[in-house]
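Take a look at the structure below.
When a ligand or atom number is given, it counts from 1 through the structure's own listing order.
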Amino acid sequence: MAFPIDRFQSEPTPFYYYDMELLRQTLDVVVAQSGKYNFHVHFAVKANANPRLLAEINKAGLGIDCVSGYEVECAIQNGFSPEKIVFAGVGKSDWEIRLALEAGILCFNVESIPELEVINEMASQLGKTADVALRINPNVDAHTHQYITTGMEENKFGIGLWEVETVCTRIKQMSNIRLRGIHFHIGSQITDLSVFQMLCTRINELQKWFEENKIKLDIINVGGGLGVDYEHPDEKPIANFEEYFAVFHRFLELRDGQEVHFELGRAIVAQCGSLITRVLYVKEGQQKKFAIVDAGMNDLIRPALYHAYHKIENITSDASSEKYDVVGPVCESSDCFGKAAVLNSTKRGDLIAIRSAGAYGEVMSSRYNLRRFAGCLV
Ligand SMILES: *Cc1c(COP(=O)(O)O)cnc(C)c1O
């Protein structure tokens with residue numbers, strides 16, 4: 001990526017840099033490829049809630065997928081139409097449900113019977129009918145990291161396959177619930193597209209059950225989870241949306257009038273963002289060198305939390321490369337962005353780019369060690 005180094009030099013570090021041109025190109029591909037099949041795409045705002053990005057995403061016509069009441073508020077404040085908002089989450093507080101009902105969102109993705117009961121009760125208090133999709137746990141192994149797989153049986157998410165019948169019987173007795181569809185989200189950073197084919201097979205099986213039981217579904221929400229290439233952000237800046245949407249087109253057996261909805265987060269925003277940080281010191285150990293930078297795990301927690309890999313580059317040096325452990329200043333051994341990262345020979349004052357940080361980066365930052373939040377440049 002060609003970074004605007006001159007602009008970076010006058011900017012206090014650390015900061016997130018977003019390449020808006022890449023975001024626009026990515027959105028163009030998403031819109032074109034999903035548009036081929038009239039698929040509906042919601043951006044999973046938990047991946048990045050930066051208003052500058054949300055403005056582009058809104059302009060491209062995407063909807064929003066929320067997992068908290070604050071995200072519902074954020075989506076509305078950033079101009080998204082409530083009819084394009086879906087709301088998932090295993091633990092929705094009463095105020096969050098009320099807020100979403102009053103806003104008139106498209107659909108609650110419901111994860112349990114007790115949740116349905118509360119939504120039904122609050123909808124009746126407000127004199128409304130809540131549109132819901134059942135989040136079903138399809139027991140598909142996403143072949144991804146254990147912390148980011150969500151579709152397996154022993155997971156806290158969703159309604160088990162064995163419960164679907166009970167749930168549907170209960171819904172019939174709930175006068176303020178309208179069952180609109182079924183919802184799935186099996187994990188994140190999925191790069192093996194056969195996993196999505198497997199999901200389609202499960203959905204097709206389930207659809208037969210719903211049909212036999214004369215329950216009409218208009219929304220099939222297949223969630224998100226498409227992965228990006230963290231190793232090669234420059235070679236593959238845009239995920240393979242063409243094949244991804246084609247898998248669902250090819251393998252989902254839809255009934256008349258059914259809409260297919262997607263909830264993509266990472267694949268839309270990961271590659272356009274980098275965390276830019278300055279080298280404070282190069283510390284020589286006995287076996288290795290440490291590049292100590294001014295960004296910490298509070299700014300980007302993915303390496304510490306998931307052992308996630310991010311490509312790291314020294315963007316102000318062209319000296320021959322060496323290996324460094326790139327570490328932050330936070331008082332935790334896990335505050336390390338990369339071990340034995342190959343960087344152009346590095347010295348104090350150099351700028352380092354931690355790549356593919358546009359998803360689950362800025363939005364997961366904290367003020368641990370009472371550090372201030374990183375800035376933002378677009
Ligand atoms: C996190 C999440 C998404 C987005 O996942 P990505 O891997 O970022 O595409 C979609 N739907 C739900 C319900 C989620 O929790």
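- Ring to ring, Phe80 and Phe43 are not that close: their centroids are 6.0 angstrom or more apart.
- As a member of the Ile/Leu/Val/Met/Phe/Trp/Tyr network built from side-chain separations under 4.5 Å, Val228 groups with Tyr230, Tyr309.
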Legend entry - Residues Thr277, Asp294; criterion side-chain hydrogen bond (donor to acceptor under 3.5 Å, both in side chains); working and verdict: CA-CA 6 Å; Thr277 177; Asp294 65 1; 2.5 Å; yes
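- Nearest protein heavy-atom contact of atom 7 (O) of ligand 1 is Ser188 OG, 2.3 Å.
- A salt bridge between Lys36 and Glu242 is present, with a side-chain N of the basic residue lying under 4.0 Å from a carboxylate O of the acidic one.
- Using a cutoff of 4.0 Å between basic side-chain nitrogens and carboxylate oxygens, Lys208 and Glu205 are not scored as salt-bridged.
- Annotation: atom 11 (N) of ligand 1 to nearest protein heavy atom, Glu263 OE1, 2.6 Å.
- Checked by distance only, ligand 1 and Tyr360 come closer than 3.5 Å through their nitrogen or oxygen atoms.
- Not one N or O of Gly224 is nearer than 3.5 Å to an N or O of ligand 1, by distance alone.
- Ligand 1 has no N or O atom lying under 3.5 Å from any N or O atom of Ala88, backbone or side chain.
- No salt bridge links Lys46 with Glu71; every basic N to acidic carboxylate O contact stays at or beyond 4.0 Å.
- Distances from ligand 1 to the non-hydrogen atoms of Gly225 include at least one value under 4.0 Å.
- Remark: ligand 1 atoms within the under-4.0 Å shell around heavy atoms of Leu264 are 9 (O).
- Inclusion of Lys46 in the set of residues having an N or O under 3.5 Å from an N or O of ligand 1 is warranted.
- Closest to atom 4 (C) of ligand 1 among all protein heavy atoms lies Ala44 CB, 3.4 Å.
- Residues Asn314 and Thr346 have side chains that bring a donor and an acceptor to within less than 3.5 angstrom of each other.
- Contact annotation: for Asp65 versus ligand 1, heavy atoms closer than 4.0 Å belong to the side chain alone.
- Among His185, Arg266, Gln189, the residue whose heavy atom sits closest to atom 5 (O) of ligand 1 is His185.
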Side-chain donor-acceptor distances from residues 234-241 under 3.5 Å, at least two apart:
unit_1: Asp234; atom_1: OD1; unit_2: Met1; atom_2: N; d: 2.6
unit_1: Asp234; atom_1: OD1; unit_2: Arg355; atom_2: NH2; d: 3.0
unit_1: Asp234; atom_1: OD2; unit_2: Met1; atom_2: N; d: 3.3
unit_1: Asp234; atom_1: OD2; unit_2: Arg355; atom_2: NH1; d: 3.2
unit_1: Asn240; atom_1: OD1; unit_2: Glu243; atom_2: N; d: 3.1
unit_1: Asn240; atom_1: ND2; unit_2: Glu243; atom_2: OE2; d: 3.2

